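Report on the structure given below.
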Amino acid sequence: MAILSRTHLVVLFLIGVLVPASAHAVELKISAQALEHTLNQQLFTGAQGRYYIRGDEHSACYVYVDQPKVTFVQDRIVVHVHTHSKLGTSLHGACLGLGLSPEADVSILPDAQNENIGFRDARVENLSESKELNFFLIPFLSRKLPQKMTVNIADLLRKVLASSATTTGYDMKLDELHIHSMQVIGDSLVVDFDGKLNVH
C-alpha cells in the first residue's frame with residue numbers, strides 16, 4: 001500500500017523536523033486514486049478484484065462487489081461500486097433465482113483517529129431496489145468498506161523510514177505522530193499532522 005512515494009514521505013518528515021515546533025503542522029495531500037489503491041489492497045483482493053459479501057467464486061448463489069471508484073463531493077468522500085448477485089436457492093450446482101447487477105454508492109466523512117486516517121458518518125446514497133440484496137449491501141457499505149479504507153499513517157511511515165539509512169544516508173526513527181485534522185479540499189484529502197523524529 002502506497003499513498004505517496006517513499007521519497008515524498010521522507011522529504012515531508014525532514015521538513016517537519018527542520019520547522020520549529022510552534023510552526024504549522026506538516027500537510028499531506030491524498031488523492032482519490034490513492035484511496036482507491038488502499039481499498040484495492042485491503043479489501044478487493046479476491047479473484048479479478050472482487051470482494052464477496054456472500055459465497056465465493058465457486059458458489060452458485062453469491063453477492064460480490066468490484067471496481068471501486070472514489071470521488072470527492074463537497075466535504076465528503078464518495079465510493080461507487082458495481083454489484084453482482086445471484087440470489088435464490090442452490091440446487092445441483094445452479095442458483096435458482098434472479099441475477100441482479102445494480103450500482104451502489106456510499107459517502108463518508110474523513111475522521112482523524114490518533115495515528116489513523118479514518119472515516120465516519122457513512123451514508124448509503126444509492127442502492128438496489130431489491131430488499132434481499134440490500135440486506136447484504138447495507139452492512140458492507142456502511143461498516144466494512146469504511147473500516148477497510150482506514151490507514152495507520154505512523155505504521156506506514158515507519159516502514160518507509162526503516163530503509164532511510166540506505167536511501168538517504170540518515171537513520172530516521174519516528175517516535176510519535178498525531179493527526180490534527182483532515183478535510184476534503186478540492187480534489188484532495190488534506191491531512192494536517194506533526195510528529196517526533198530522531199535523525200542519526
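Along the sequence shown, residues carry numbers from 1. Note that the structure is a prediction, hence the values are computed from the model and not measured.
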Between atom [atom1] of [X] and atom [atom2] of [Y], what is the distance when rounded to the nearest 0.5 Å?
X: Glu27; Y: Phe193; atom1: CD; atom2: CZ; value: 10.0 Å
X: Lys159; Y: Leu174; atom1: NZ; atom2: CG; value: 13.5 Å
X: Leu127; Y: Asn134; atom1: CG; atom2: CG; value: 4.5 Å
X: Lys173; Y: Leu161; atom1: NZ; atom2: CG; value: 8.5 Å
X: Lys148; Y: Thr45; atom1: NZ; atom2: OG1; value: 8.5 Å
X: His178; Y: Glu115; atom1: NE2; atom2: CD; value: 10.0 Å

Discussion item. According to disulfide (SG to SG under 2.5 Å), does anything in residues 120-165 pair up with another residue at least two apart or in another chain? List the pairs.
Written reply: none

Worksheet item: Could you give all pairs that pass the disulfide (SG to SG under 2.5 Å) test and reach residues 111-154, with sequence neighbours left out?
Response: none

Would you call [X] and [Y] a side-chain contact if the rule is heavy atoms closer than 4.5 Å?
X: Leu177; Y: Ile179; answer: yes
X: Asp105; Y: Val124; answer: no
X: Val191; Y: Ile30; answer: yes
X: Lys29; Y: Leu189; answer: no
X: Phe72; Y: Leu35; answer: yes
X: Lys144; Y: Leu43; answer: yes
X: Leu87; Y: Phe136; answer: yes
X: Glu36; Y: Val79; answer: no

Worksheet entry | side chain to side chain donor-acceptor pair (under 3.5 Å) partners of Asp171, counting only residues at least two apart | none

Practice prompt. Kindly write out the residues that satisfy side-chain contact (heavy atoms from CB on, under 4.5 Å) with Ala60, not counting sequence neighbours, or none if the list is empty.
Written response: Ser90, Cys95

Item to complete: List for me each residue that meets side-chain contact (heavy atoms from CB on, under 4.5 Å) alongside Gln183, sequence neighbours excluded, and say none if there are none.
Response: Ile185

Ignoring hydrogens and angles, tell me if any N or O in the side chain of [X] forms a donor-acceptor pair with the backbone of [Y] under 3.5 Å.
X: Ser188; Y: Val190; answer: no
X: Ser163; Y: Val160; answer: yes
X: Thr168; Y: Ala165; answer: no
X: Ser164; Y: Met172; answer: yes
X: Arg76; Y: Ser107; answer: yes
X: Thr89; Y: Leu96; answer: no

Worksheet item: Please walk me through it: do His84 and Asp66 pass side-chain hydrogen bond (donor to acceptor under 3.5 Å, both in side chains)?
Response: CA-CA 8 Å; His84 308 267; Asp66 62 5; 3.2 Å; yes

Which atom pair, heavy atoms only, marks the closest approach of [X] to [Y]?
X: Ala122; Y: Leu141; result: CB-O, 4.4 Å
X: Ser130; Y: Leu100; result: CB-CD1, 3.5 Å
X: Gly55; Y: Ser59; result: CA-OG, 3.3 Å
X: Thr150; Y: Gly118; result: OG1-CA, 4.0 Å

Item to complete: Establish, from distance only, whether the side-chain atoms of Asp194 and His180 form a donor-acceptor pair under 3.5 Å.
Response: yes

Would [X] end up clustered with [Y] when hydrophobic side chains under 4.5 Å apart are linked, directly or stepwise?
X: Leu145; Y: Val78; result: no
X: Val63; Y: Phe135; result: yes
X: Phe140; Y: Tyr62; result: no
X: Val73; Y: Ile77; result: no

Item to complete: Begin from the C-alpha positions of Glu125 and Val106 and carry the test side-chain contact (heavy atoms from CB on, under 4.5 Å) through to its verdict.
Response: CA-CA 5 Å; Glu125 307 284 0; Val106 62; 5.8 Å; no

Fill in: From CA spacing to verdict: side-chain contact (heavy atoms from CB on, under 4.5 Å), Val65, Leu137
CA-CA 9 Å; Val65 292; Leu137 288 178; 4.1 Å; yes

Worksheet entry | Pairing residues for Tyr52 by the ring pair (Phe, Tyr, Trp, His ring centres under 6.0 Å) criterion, not counting sequence neighbours | Tyr64

Practice prompt. Check the angle between the aromatic planes of His80 and His82 and answer parallel, tilted or perpendicular using the 30° and 60° thresholds.
Written response: perpendicular

Practice prompt. Please assess Val184 against Leu109 for the test side-chain contact (heavy atoms from CB on, under 4.5 Å), listing each intermediate value before the final yes or no.
Written response: CA-CA 9 Å; Val184 174; Leu109 286 173; over 6 Å; no

Worksheet entry | Step-by-step side-chain contact (heavy atoms from CB on, under 4.5 Å) determination, Val151 to Asn116 | CA-CA 5 Å; Val151 178; Asn116 292 320; over 6 Å; no

